[in-house]
Amino acid sequence: MSYDNACKYLAEEYPADFVRWLLEIDTEEIQVLKTELTPEPIRADAVTFIQTANCLLHLEFQTLPYSTPPFSFRMLDYYVRLKRQYNCDIEQIVIFLQQTTSELARVDYYEDTNTRHRYRIIRLWEQNPALFLTNPGLLPFAPLTQADSPQTLLAQVAQQIAEIEAPTQQQDLSVCTGILAGLRFDTNLIQQLFRREIMRESAFYQVILAEGLEEGLQQGLQQGLQQGLQQGLQQGEATLVLRQLRRRLGSIPPEIEAQIQTLTTTQLEALAEALLDFTDVTALTTWLREQA
């Protein structure tokens, strides 16, 4: 699932929380604007108009400190387009989600022969979690902030979300938190703290699922229809075999499941026949070792 989609969703769904955090302006007189910027369309992550201050808040979320073109140049490009389109003050902020030691995560300007453009940088792993824990729209970012015990912080966030009374809000925030927490925590821990059935009921989860399917189909077409079909068959076969194994053997260790996901369609078909003779997980691991 896309970290970018989760961040964009939160910025658009809870713009007042972001304005309160980043600009220290407490107001509801804000308007979420279109993120596609003319003339040659590019799409910003989030753009909000703060009416009381007559300014724009432009956010870009980064998991990695490098991109093509460099994000510093992109910030200049965004600024020029936003200035041309809205002609007001613009506050630009790059928010780094995943901890890194790269110096690029500290670059807050773009410089060229006759141009120097500045913007703000926020590294989530250096932020105090207190503010994030008191604003619903920022809650999914809290597990990525500074903490002596990150797992305790994640558990605290999970508990706060579980206490949210509005089902839709609880579901959507669970999905966003689960996605972003994947940048720092093991999948098994996340699944222990966030109930999968609640996340699946989220409308936002369904949107991400649909976008992922569409993106997968597009990639499959670009790489060749046949290859896309083969990948689909392999994934479907792996899902079916894992279901059969769980029914026969019970719980399957995550590392074994991951190994099964990498098997070819031919190997999966062979495993579907062989599993009828398995009596425990040891027999399964022995079979997999023989296939290596």
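Both backbone and side-chain heavy atoms feed into the values below; hydrogens, waters and symmetry mates do not.
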Problem - Residues which pass salt bridge (Lys or Arg N to Asp or Glu O under 4.0 Å) with Arg184, listed by chain and number, not counting sequence neighbours - result: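 Expected list: none.
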For [X], side-chain hydrogen bond (donor to acceptor under 3.5 Å, both in side chains) partners two or more places apart:
X	result
Glu29	none
Asn87	none
Gln127	none

Practice task
Measure the spacing between OG of Ser251 and CD1 of Ile256 and express it to the nearest 0.5 Å.
Solution key: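 Those atoms lie 11.0 Å apart.
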Exercise for the section: Verify whether one side chain among Asn135 and Tyr14 offers a donor that lies under 3.5 Å from an acceptor in the other. Expected result: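 On atom types as modelled, these side chains do not qualify, holding no pair under 3.5 Å.
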Exercise for the section: Please check if any side-chain donor atom of Glu257 sits under 3.5 Å from a side-chain acceptor atom of Gln261, or the reverse. Expected result: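 No.
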Exercise for the section: Using a 4.5 Å cut-off on heavy atoms from C-beta on, say whether the side chain of Trp125 contacts that of Thr100. Expected result: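 They are in side-chain contact.
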Practice task
For residues 16-35, pull every pair meeting ring-ring contact (aromatic ring centres under 6.0 Å, His included), keeping only residues two or more places apart or in separate chains.
Solution key: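 Output for this query lists Phe18-Phe141, Trp21-Phe132.
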Could you give the side-chain donor-acceptor pairs of residues 64-72 under 3.5 Å, partners two or more places apart or in another chain?
unit_1	atom_1	unit_2	atom_2	d
Ser67	OG	Pro69	O	2.8
Ser67	OG	Phe71	N	3.2
Ser67	OG	Arg74	NH1	3.0

Practice task
Answer yes or no: is there an ion pair linking Asp108 with Arg120, defined by an N-O contact shorter than 4.0 Å?
Solution key: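 Arg120 and Asp108: not salt-bridged.
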Problem - Criterion side-chain contact (heavy atoms from CB on, under 4.5 Å) on Asn54 and Asp89, from CA distance to verdict - result: CA-CA 7 Å; Asn54 191 35; Asp89 292 340; over 6 Å; no
